[in-house]
Amino acid sequence: MSSKTKKKITFTKEFNKQEPIPEEGIQRALELLQSGRLHRYNTAAGEISDVALLEKEFAAYIGTTYCAAFSSCGCSIYVALKCAGVQPGDKVLTNAFTLAPVPGAIQNAGADPVFVECTSEYTIDLVDLEQKAKSSSSSYFLLSYMRGHIPDMDVVSDICKNYNLFLIEDCAHTMGGGWDNRNTATFGKIGCFSTQTYKHINSGEGGLLVTDDDNIIARAILYSGSYMLYDTHISKPSPEKFERYKKITPNLSLRMSNLQAAILRPQLRILDRQVARWNERYACLEKGLNEIDAITVPSRTQKEHFVGSSIQFTLENLSYDRMAWFLDECDRRGVHIKWFGWKEPRGYTSTFESWRYFTAIPDLPQTNHVLDQMCDMRIPLTFTIRDCETIARIIRDVLEDIAQ
Ligand SMILES: Cc1ncc(COP(=O)(O)O)c(C=O)c1O
């Protein structure tokens with residue numbers, strides 16, 4: 001059939017529809033609503049709060065000594081920067097390709113980012129990182145595993161060692177993932193996770209900070225807004241650590257509530273199974289997209305244990321207008337693709353060029369080139385494998401129509 005007579009397939013499922021919260025979480029949330037004990041420090045005598053239990057369980061899952069819960073990942077990154085000792089005016093190395101909360105946290109700490117280029121595999125460019133570690137004399141590196149892409153962590157670890165960089169990992173997109181059999185968040189001194197609605201466990205909003213360091217966790221708990229109730233935490237260091245910091249650490253009131261923790265705990269228990277389901281869907285889309293001539297889904301190394309909750313692919317040699325047409329046409333057929341190449345930021349997507357609250361906007365031609373060609377698509381678990389096949393087919397059809 002010629003493309004003129006070919007029936008246009010459309011996809012009707014929603015790209016922003018998550019799976020329901022497990023029944024156990026709903027039941028516990030109802031109990032909390034009935035008891036009214038929603039605040040983490042409002043517990044019955046002898047009771048351990050849902051947030052405290054989640055912190056303990058999450059630290060055990062990741063394999064760190066401690067965890068502190070927050071109201072978002074963005075604010076936990078801010079607290080991580082404070083705990084690392086970042087002072088106003090300090091420089092923080094970070095990915096040029098990341099989401100707005102990351103530069104937002106740096107700005108919140110009064111620091112200045114040193115943006116590092118992005119590779120065509122969508123990871124941080126380690127050659128540029130090393131050069132900028134040398135030339136900027138920064139002592140801090142906030143590594144964002146944007147869209148779950150994990151760089152060669154052996155090289156990252158060497159660079160951090162050689163340049164004495166304090167590494168904070170932004171693991172918003174890597175919960176359940178790792179590198180060479182080691183979880184992300186365990187390479188640096190602090191790791192930060194998100195439980196915002198599109199992440200791997202969903203409480204609408206929320207953040208989890210993990211570390212092995214006694215001093216860091218004491219300060220993080222105090223910053224999170226523990227008043228003088230830190231003793232009710234069960235993922236905590238000895239009381240002397242709190243004594244040391246309790247009068248010199250402001251309460252920033254960035255707590256997680258019991259309701260959020262109650263619905264997260266059962267999700268954490270099934271996370272590994274969910275990761276496998278995401279990766280099945282990713283593999284199906286990757287195969288379908290790689291069969292299209294104009295598309296490349298960059299291959300990933302064996303060592304990278306990623307979580308395929310979204311997929312990125314490169315569409316080469318399309319002009320701005322043609323790319324816009326492609327995205328609009330996919331949209332009309334129900335396939336919603338994000339693009340960081342728009343001239344004006346929109347929706348969730350903005351780039352370093354629109355973060356004008358920093359005085360200097362760097363020149364990063366390589367990142368611009370990668371983002372101009374990169375398409376970004378969510379893979380919710382509400383999609384079946386069949387749905388993923390349909391999506392790849394629609395993308396192929398639209399590209400065939402452009403080629404006409
Ligand atoms: C890469 C990345 N880092 C950090 C965050 C911040 O997470 P939150 O929304 O929980 O503040 C996000 C949010 O989507 C993100 O995509």
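When a residue number appears, it is its place in the shown sequence, counting from 1.
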Exercise for the section: Provide the closest heavy-atom pair for P298 versus S120 in the form atom of the first, atom of the second, distance. Expected result: CG-O, 3.5 Å
Problem - Y282 and F306 aromatic centres sub-6.0 Å - result: yes
Problem - Side-chain donor/acceptor of N95 to backbone N/O of S144, under 3.5 Å - result: yes
Practice task
Say whether E400 and Q404, considering side chains only, have a donor N or O and an acceptor N or O under 3.5 Å apart.
Solution key: no
Exercise for the section: Keeping the roles fixed (side chain from T211, backbone from K189), state whether a donor-acceptor pair exists under 3.5 Å. Expected result: yes
Practice task
In plain terms, say whether K303 and D154 are close enough for a salt bridge, that is, a side-chain N and a carboxylate O under 4.0 Å apart.
Solution key: yes
Handout entry: R322 backbone acceptor or donor facing S319 side chain under 3.5 Å
Key = yes
Exercise for the section: Would you name the heavy atoms of T186 and E169 that are closest together and state the gap between them? Expected result: N-OE2, 3.4 Å
Practice task
Would you verify whether the NZ or CZ of R255 falls within 45 degrees of the ring axis of F70 while also being under 6.0 Å from that six-membered ring's centre?
Solution key: no
Practice task
Could you tell me whether the side chains of E304 and H149 share a donor-acceptor contact shorter than 3.5 Å?
Solution key: no
Exercise for the section: Report, as yes or no, whether the 6.0 Å neighbourhood of atom NZ on K13 holds more than 12 heavy atoms from other residues, nucleotides or ligands. Expected result: yes
Practice task
Step through the shown structure and confirm whether more than 12 heavy atoms of other residues, nucleotides or ligands are within 6.0 Å of CZ on R393.
Solution key: no
Handout entry: Flag, side chain of W339 to backbone of D372, donor-acceptor distance under 3.5 Å
Key = yes
Problem - Any donor-acceptor pair under 3.5 Å from N183 side chain to I62 backbone - result: yes
Handout entry: Among R333, R332, R396, the one residue meeting salt bridge (charged side-chain N to carboxylate O under 4.0 Å, His left out) with D401
Key = R333
Practice task
Would you check if the distance from the ring center of F340 to the ring center of F97 is below 6.0 Å?
Solution key: yes
Handout entry: Stacked cation flag R378 on Y198, 6.0 angstrom / 45 deg
Key = yes
Exercise for the section: Would you verify whether the NZ or CZ of K343 falls within 45 degrees of the ring axis of Y320 while also being under 6.0 Å from that six-membered ring's centre? Expected result: yes
Practice task
Return yes if a side-chain donor-acceptor contact under 3.5 Å exists between T65 and D212, otherwise no.
Solution key: yes
Completion exercise
The side-chain contact (heavy atoms from CB on, under 4.5 Å) partners of S350 (sequence neighbours excluded) come to A100, P345, S354, W355
Practice task
Assert yes or no for the condition that the ring centre distance of H173 to Y145 is strictly below 6.0 Å.
Solution key: no
Practice task
Flag this pair as yes if the NZ/CZ of R346 is under 6.0 angstrom from the six-membered ring centre of W342 and inside a 45 degree cone about the axis; otherwise no.
Solution key: yes
Practice task
Decide, yes or no, whether a salt bridge links R269 with E24 under the criterion of side-chain N to carboxylate O below 4.0 Å.
Solution key: yes
Practice task
Tell me, please, whether F383 has R281 positioned over its six-membered ring: NZ or CZ under 6.0 Å from the ring centre and within 45 degrees of its axis?
Solution key: no
Practice task
Decide whether E117 and T367 meet the rule of one side-chain donor and one side-chain acceptor closer than 3.5 Å.
Solution key: yes
Problem - Heavy-atom donor-acceptor pair, S72 side chain to C75 backbone, under 3.5 Å - result: yes
Practice task
Would you confirm whether T195, through its side chain, and N202, through its main-chain N or O, come within 3.5 Å as a donor-acceptor pair?
Solution key: no
Practice task
Mark yes when over 12 heavy atoms from residues, nucleotides or ligands other than H39 sit less than 6.0 Å from its NE2; otherwise mark no.
Solution key: yes
Exercise for the section: Please say whether more than 12 non-hydrogen atoms of neighbouring residues, nucleotides or ligands are located less than 6.0 Å from NZ in K246. Expected result: yes
Handout entry: Expected output: side-chain W179 to main-chain T184 donor-acceptor under 3.5 Å
Key = no
Practice task
Identify the two heavy atoms, one from I48 and one from T43, that lie closest to each other, and give their separation to 0.1 Å.
Solution key: C-CG2, 4.4 Å
Practice task
Give a yes or no on whether a salt bridge exists between K236 and D231, defined as a side-chain N under 4.0 angstrom from a carboxylate O.
Solution key: yes
Practice task
Would you check if there is a donor-acceptor pair between the side chains of Y66 and H233 at a distance under 3.5 Å?
Solution key: no
